[in-house]
Amino acid sequence: MARLAQTHGLTDVQQEILATVRDFVDKEIIPVATELEHRDEYPQQIVDGLKELGVFGLMIPEEYGGLGESLLTYALCVEEIARGWMSVSGIINTHFIVAYMLKQHGTQEQKEYFLPRMAAGETRGAFSMSEPGLGSDVSAITSKAVKDGDEYVLNGQKMWLTNGGTSTLVAVLVRSDEGHPEGTAPHKSMTTFLVEKEPGFGEVRPGLTIPGKIDKMGYKGVDTTELIMDNLRIPANRVLGGATGRGFYQMMDGVEVGRVNVAARGCGVAQRAFELGVQYAQQRQTFGKPIAQHQAIQFKLAEMATKVEAAHAMMVNAARKKDSGERNDLEAGMAKYLASEYCKEVVEDAFRIHGGYGFSKEYEIERLYREAPMLLIGEGTAEIQKMIIGRRLLEEYRFQG
């Protein structure tokens, strides 16, 4: 079958990795995804398969046991995995945000301790920034860390923690006033803590509770939870980077990677929706011919394919910009905004092509229709992306009057 969204300029190694992941998706994910999703079942067998392929170490440097690949390679793999089942890409995304933050900002001891186990998939990462009354306003974080000798005592409640139950390492952003006098800008008094825990639910270590999974409209299979800290004691050597007050910048750096990931997920889901729509349009007949031969459907397919191509191009550009070492918040914001919006539209068009059958749980498009809205929210809403884009444009095009 011909494919949209080809990426030019890839190395032989990148092409081989993508071909391996694509084959795994076609054989191991797509045939079981809808059944597992309807049961809200964690895809353990799929995760184990990705672990064997080395996907959990994709962007981790070779010196720590990873493959040392680029963000672009990772994003293209995510696109393929999301084409199979978006929830699986979510399991990988949070893991890689934490691995990236460790690689970029961790102390040497933290890198040597965590990254080899993360590359092997033995340690699974999650990151926690949001809170119940917080939304997009990160500066309003109320969870707090207080220094007590060689430890910090953490208290507060976090929300929307992907991999909350299955992860064994959580990067948690809290307020830490130690060393930062009253009146310090909120983003300069935040710290990221590396919190190790047991997998599962309930009290997973003294002072840390992971309640049961949040029941969601879509994005099932992957566990989304709260995180409650009640006098949770963390040693000082588990402050990411070894110094307090840097957490906001560390998290925002990780979120840029996350936004490229969400864009890649949007591309993958949209591509799958197009595949389902174009296949169904050639099988379903009305008025004596396949509906694909009706001009109205051809117009719809043309619009869908163009959106898939455009979103893919912007995602690839954002990934390559980050890989070059340049600032990419503008490109990542644009890619995340466009890909998530286009994904919603392409999925809805595929749903319309299916007619009444799109409403049936027997058809895969029903699952995609419930999954796409999450991308409009994850890693920052469309409104947040527009704020980022607008501010950056004003920086770049400052009026010299």
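Residue numbers run from 1 in the order of the sequence given.
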N/O donor to acceptor pairs below 3.5 angstrom from side-chain atoms of residues 301-311, sequence neighbours left out:
residue : atom : partner : partner atom : Å
Thr306  : OG1  : Ala302  : O            : 2.8
Lys307  : NZ   : Glu345  : OE1          : 2.7
Glu309  : OE2  : Ala5    : N            : 3.1

Can a side-chain donor-acceptor contact be found between Arg124 and Thr168 if the only test is distance below 3.5 angstrom? no

Among side-chain atoms of His38 and Glu366, is any donor-acceptor pair under 3.5 angstrom? yes

State which residues pass side chain to side chain donor-acceptor pair (under 3.5 Å) with Asp40; sequence neighbours excluded, sorted by chain then number. none

For Tyr152, what residues pass the side chain to side chain donor-acceptor pair (under 3.5 Å) criterion, not counting sequence neighbours? Glu178

Testing the basics here: between [X] and [Y], what is the closest heavy-atom pair and its distance to 0.1 Å?
X: Asn93; Y: Arg265; result: ND2-NH2, 3.0 Å
X: Ala145; Y: Val174; result: CB-CG2, 3.7 Å
X: Thr225; Y: Ile214; result: C-CD1, 3.9 Å

Got a salt bridge between Lys216 and Asp223, using NZ or NE/NH1/NH2 to carboxylate O under 4.0 Å? no

If you define the side chain from C-beta out and look only at heavy atoms, does anything of Arg246 sit under 4.5 Å from His105? no

Who are the side chain to side chain contact (heavy atoms under 4.5 Å, CB included) partners of Thr7, not counting sequence neighbours? Leu10, Leu76, His312, Val316, Arg320

Identify, with sequence neighbours excluded, every residue that meets side chain to side chain contact (heavy atoms under 4.5 Å, CB included) alongside Ser70. Gln14, Leu72, Thr73, Asp323

Residue pairs involving residues 84-111 (criterion salt bridge (Lys or Arg N to Asp or Glu O under 4.0 Å); sequence neighbours excluded): Glu109-Arg238

Just grab all the salt bridge (Lys or Arg N to Asp or Glu O under 4.0 Å) pairs involving residues 373-385, residues at least two apart or on different chains. none

Would you tabulate the side-chain donor-acceptor contacts of residues 331-338 under 3.5 Å, counting partners in other chains and residues two or more places apart, or write 'none'?
residue : atom : partner : partner atom : Å
Lys336  : NZ   : Leu375  : O            : 2.9
Lys336  : NZ   : Gly378  : O            : 3.3
Lys336  : NZ   : Gly380  : O            : 2.7

Side-chain donor-acceptor distances from residues 153-162 under 3.5 Å, at least two apart:
residue : atom : partner : partner atom : Å
Asn155  : OD1  : Asn231  : N            : 2.7
Asn155  : ND2  : Asn231  : OD1          : 3.2
Gln157  : NE2  : Glu226  : OE1          : 2.3
Lys158  : NZ   : Met129  : O            : 3.0
Lys158  : NZ   : Glu131  : OE2          : 3.1
Lys158  : NZ   : Leu173  : O            : 2.7

Review item, side-chain donor-acceptor pairs of residues 202-212, under 3.5 Å, at least two apart:
residue : atom : partner : partner atom : Å
Glu203  : OE2  : Gly207  : N            : 3.4
Arg205  : NH1  : Glu196  : O            : 2.8
Arg205  : NH2  : Arg233  : O            : 3.2

Pairs flagged by ring pair (Phe, Tyr, Trp, His ring centres under 6.0 Å) wherever residues 285-306 is involved - sequence neighbours left out: none

Exercise answer: donor-acceptor pairs, residues 45-66 side-chain atoms, under 3.5 Å, sequence neighbours excluded:
residue : atom : partner : partner atom : Å
Asp48   : OD1  : Gln44   : NE2          : 2.9
Tyr64   : OH   : Gln108  : NE2          : 3.0

Report yes or no: is the cationic atom of Arg117 (NZ for Lys, CZ for Arg) closer than 6.0 Å to the six-membered ring centre of Tyr113, at no more than 45° off its axis? yes

